[in-house]
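Shown next, in structure tokens, is the structure this report addresses.
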Amino acid sequence: MKNILVIGGTGQIGSELIMKLRALYPQGTVVCGYIPAAPPKGILLESGPAEVVDITDPQQIAAVVDKYKIDTIYNLAALLSAVAEAKPQLAWAIGVGGLYNTLEVAREKGCAVFTPSSIGSFGPSTPHVKTPQDTIQRPETIYGVTKVSGELLSDYYAKRFGVDTRSVRFPGLISYTTLPGGGTTDYAVDIYYSAVKNETFKCPLKPGTFMDMMYMPDALRAAVEIMEADPTKLVHRNSFNIASMSFDPEIIAAKIREYIPGFKMEYELDPLRQAIADSWPDSLDDTCAREEWGWRPEFDLDAMTRDMITNLCEKLQIPVLKLEK
Ligand code: AKB
């Protein structure tokens with residue numbers, strides 16, 4: 001990877017991935033592709049080039065690929081699961097139409113492509129505990145339908161046209177830099193904001209709702225490592241299960257209380273998010289990622305909680321809490 005285009009560059013993953021890629025590949029160019037409604041700001045804007053790239057417009061993708069001699073595209077444009085249910089046509093246009101545009105540009109111009117899939121690519125008939133790498137994928141959300149379609153289309157382009165497509169199935173991602181917005185797993189980010197602000201958290205999911213989650217530094221490392229992996233070792237491509245922790249609202253709340261004993265949580269259920277979460281796995285089996293490209297998570301719930309609280313206090317200018325138990 002030398003010259004990289006990140007489409008969806010100002011979103012939750014993109015805004016942090018771009019900074020990581022710019023640090024990792026100082027000799028190359030990492031272009032932040034954004035839509036006018038979400039322009040880059042601050043360090044993201046100042047540290048490298050940014051171009052308008054609407055994934056539904058193949059000419060815009062091709063023009064930026066030509067201009068910067070792009071060899072790798074990170075396609076991070078998507079509507080998250082809950083918001084996608086409100087706008088299924090747009091979710092398909094971005095998730096599948098946009099991926100098709102990206103793959104066609106990649107085929108013509110010889111780029112590698114990373115497109116994340118998700119735990120949302122599974123559905124109610126999937127085994128829910130330690131979900132295997134290769135198993136039933138019959139999601140009942142439009143988000144999941146776009147993710148399974150994306151996995152298949154990406155594998156097709158690899159086999160049929162030799163496009164170097166690779167991917168991981170992200171769990172819920174937790175970070176303090178950019179808010180996710182519109183996902184089913186967002187509560188696991190919002191809960192930390194409420195905790196450090198000393199507000200009562202209104203949890204949209206009921207106790208016992210287990211889902212896989214991951215701290216952003218691990219997710220970013222996975223996105224880089226899969227693209228750097230030795231292709232001869234890859235049996236799978238689109239997409240690898242990756243995992244680091246699985247918890248329900250009670251477990252994360254209890255962990256936060258170890259550091260913020262007065263933290264309060266109440267339940268105010270969101271039926272849409274609850275139904276989506278109930279259809280997703282409780283935990284994934286990531287053996288294939290571990291064996292084929294050496295995937296290893298570094299953050300568990302405790303390490304993530306300490307880091308989230310410390311960094312959110314700093315970001316929100318709240319006196320940094322003492323984190324000794
Ligand atoms: C969502 O909740 O929609 C996403 C995901 C798990 O893909 N965070």
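Every heavy atom of this structure was used, including side-chain atoms; hydrogens, water molecules and symmetry mates were not. Order of listing sets the numbers, starting from 1, for every ligand and every atom in it.
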| query | For ligand 1, does Asp186 get within less than 4.0 Å through its side chain, its backbone, both, or neither, judged by non-hydrogen atoms? | reply | neither
| note | Among Gly120, Ser118, Gly183, the residue with a heavy atom nearest to atom 6 (C) of ligand 1 is Ser118
| request: Apply ring-ring contact (aromatic ring centres under 6.0 Å, His included) to Tyr34 and list each qualifying residue two or more places apart in sequence or on a separate chain. | output: none
| task | Write out the residue and atom name of the closest protein heavy atom to atom 3 (O) of ligand 1, then the distance separating them to 0.1 Å. | result | Ser81 OG, 2.6 Å
| message | Does the plane of the ring in Tyr74 sit parallel, tilted or perpendicular to the ring in Phe114? Use 30° and 60° as the thresholds. | response | tilted
| request: Evaluate whether atom CG of Asn198 has more than 12 neighbouring non-hydrogen atoms of other residues, nucleotides or ligands under 6.0 angstrom away. | output: no
| Residues sharing Ile136's hydrophobic cluster, by side-chain heavy-atom contacts under 4.5 Å among ILVMFWY, directly or via others? | none
| remark: In this structure, atom 8 (N) of ligand 1 is nearest to the protein heavy atom Thr185 OG1, 2.9 Å
| field | For Trp280, atoms of ligand 1 separated by under 4.0 Å from a heavy atom | value | 1 (C), 2 (O), 3 (O), 6 (C)
| field | atom 2 (O) of ligand 1: nearest protein contact (heavy atom, Å) | value | Thr184 N, 2.7 Å
| Minimal non-hydrogen separation, Asp164 against Arg237, with atom names | OD1-NH1, 2.8 Å
| said: Determine whether a donor-acceptor pair (N or O, by modelled atom type, separation under 3.5 Å) exists between the side chain of Asp71 and the backbone of Cys111. | reply: no
| Does even one non-hydrogen atom of Leu173 get within less than 4.0 Å of ligand 1? | no
